[in-house]
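All ligand and atom numbering here is 1-based and tracks the order in the structure. The model shown is predicted, which means the values in this text are computed figures rather than measured ones. Values below: every heavy atom of this structure, side chains too, minus hydrogens, waters and symmetry copies.
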Amino acid sequence: MNVGIIGSGIVGRVLGNAFLSEGHQVMLGTRNTSKDELLKWKKENPSGSLGSFSETARFGEIVVLATNGSITEDAIRQAGIDNFSSKVVIDATNPIAPAPPENGVLKFFTSLGESLMERIQKLIPGAHVVKAFNSVGNAYMYKPRFPGGTPTMFICGNNEAAKKKVTEILTSFGWDTEDMGKAEAARAIEPLCMLWCIPGLLRNQWTHAFKLLKM
Ligand SMILES: NC(=O)c1ccc[n+]([C@@H]2O[C@H](COP(=O)([O-])OP(=O)(O)OC[C@H]3O[C@@H](n4cnc5c(N)ncnc54)[C@H](OP(=O)(O)O)[C@@H]3O)[C@@H](O)[C@H]2O)c1
């Protein structure tokens, strides 16, 4: 598949490597294709490509959102709303506010009544947005190995076929997937990022992932 990743930060680059490792074609979207870290990424991944946000959204049969949460809606507009139509859109973003964390707890610019994912789905109503990858550090997004077993990725979204496709991707990336339902579930999944970051911000411990234990 052609995977277009809007966002060239560490998450975009790590997921880019992961999709390339699984045999997909990847374009990373950025405002500046000549940034040092992207030239390095391109050199290390000659089969990957770089493009603008709109070139990347057009390229992707699947599109990943990996931009800073506060500008993600702007980035989608720059990418072109129509370029997302009928596509599976994996939303890895978090609505982290610029204010500093309080006792290790990040501040969000959203409320418990409306997630960033729901705003994104409203902005691109023709797309099939699926929340994933937001509640684990980039070091564990691909083939995570923990002594406690396979970690759980919580996902949600309004389109069942899109969630099935994302579940296949997550399985190939080494994750167990738990489907939490429709887009509103992102009101609960996005704050898992806050929880995931607390040990890191308080004690510099960043080497963990969530696992759902079931009977
Ligand atoms: N870091 C992690 O381990 C982690 C884990 C899970 C989820 N996340 C979430 O994943 C997303 C990406 O995180 P990240 O750490 O890779 O990078 P980031 O610094 O949050 O975002 C980098 C991306 O945002 C774009 N950007 C920044 N300001 C912009 C603006 N004014 N207009 C348009 N685009 C702009 C950058 O564009 P350019 O390419 O043009 O510079 C770049 O592509 C975030 O929402 C984050 O919360 C992060």
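- For atom 21 (O) of ligand 1, the choice among Asn68, Leu38, Thr93, Leu28 with the nearest heavy atom turns out to be Asn68.
- Within 6.0 Å of the NZ atom in Lys164, the count of heavy atoms belonging to other residues, nucleotides or ligands does not exceed 12.
- Of the candidates Ile6, Val11, Asn138, Val11 brings a heavy atom nearest to atom 14 (P) of ligand 1.
- At least one heavy atom of Ile10 sits less than 4.0 Å from an atom of ligand 1.
- Here Phe133 has backbone heavy atoms under 4.0 Å from ligand 1, and that is the only part of it that gets that close.
- Checked for salt-bridge contact, Lys122 and Glu114 meet the test: a charged N lies under 4.0 Å from a carboxylate O.
- By the 4.0 Å N-to-carboxylate-O rule, Lys182 lies too far from Glu118 to be salt-bridged with it.
- Defined by atom type and a distance below 3.5 Å, a donor-acceptor pair is present between the side-chain atoms of Thr93 and Asp91.
- In this structure, a donor-acceptor pair under 3.5 Å is present between the side chains of Asn17 and Trp41.
- Ligand 1 has an N or O atom lying under 3.5 Å from an N or O atom of Thr67, backbone or side chain.
- A donor-acceptor contact under 3.5 angstrom links the side chains of Thr72 and Thr67, judged on distance only.
- A salt bridge does not link Glu37 with Lys40: every distance from a Lys NZ or Arg NE/NH1/NH2 to an Asp or Glu carboxylate oxygen is 4.0 Å or more.
- Residue contacts with ligand 1: Thr30 is placed with a nitrogen or oxygen under 3.5 Å of a nitrogen or oxygen of the ligand (distance criterion only).
- Contact annotation for Val136 and ligand 1: only backbone heavy atoms (N, CA, C, O) come within less than 4.0 Å of the ligand.
- Ligand 1 has an N or O atom lying under 3.5 Å from an N or O atom of Lys35, backbone or side chain.
- Within the 4.0 Å heavy-atom criterion, neither part of Ala75 lies near ligand 1.
- At a 4.0 Å heavy-atom cut-off, ligand 1 touches Ile71 through the side chain alone.
- Scanning the protein for heavy atoms near atom 33 (C) of ligand 1, the closest one is Arg31 CD, 3.5 Å.
- Residue Asn134 is tested with Leu65, Ile155, Asn94, Val11 for a side chain to side chain contact (heavy atoms under 4.5 Å, CB included); the sole match is Asn94.
- The distance criterion of under 3.5 Å between nitrogen or oxygen atoms is not met by Ala66 with respect to ligand 1.
- For Met141, the closest heavy-atom approach to ligand 1 falls below 4.0 Å.
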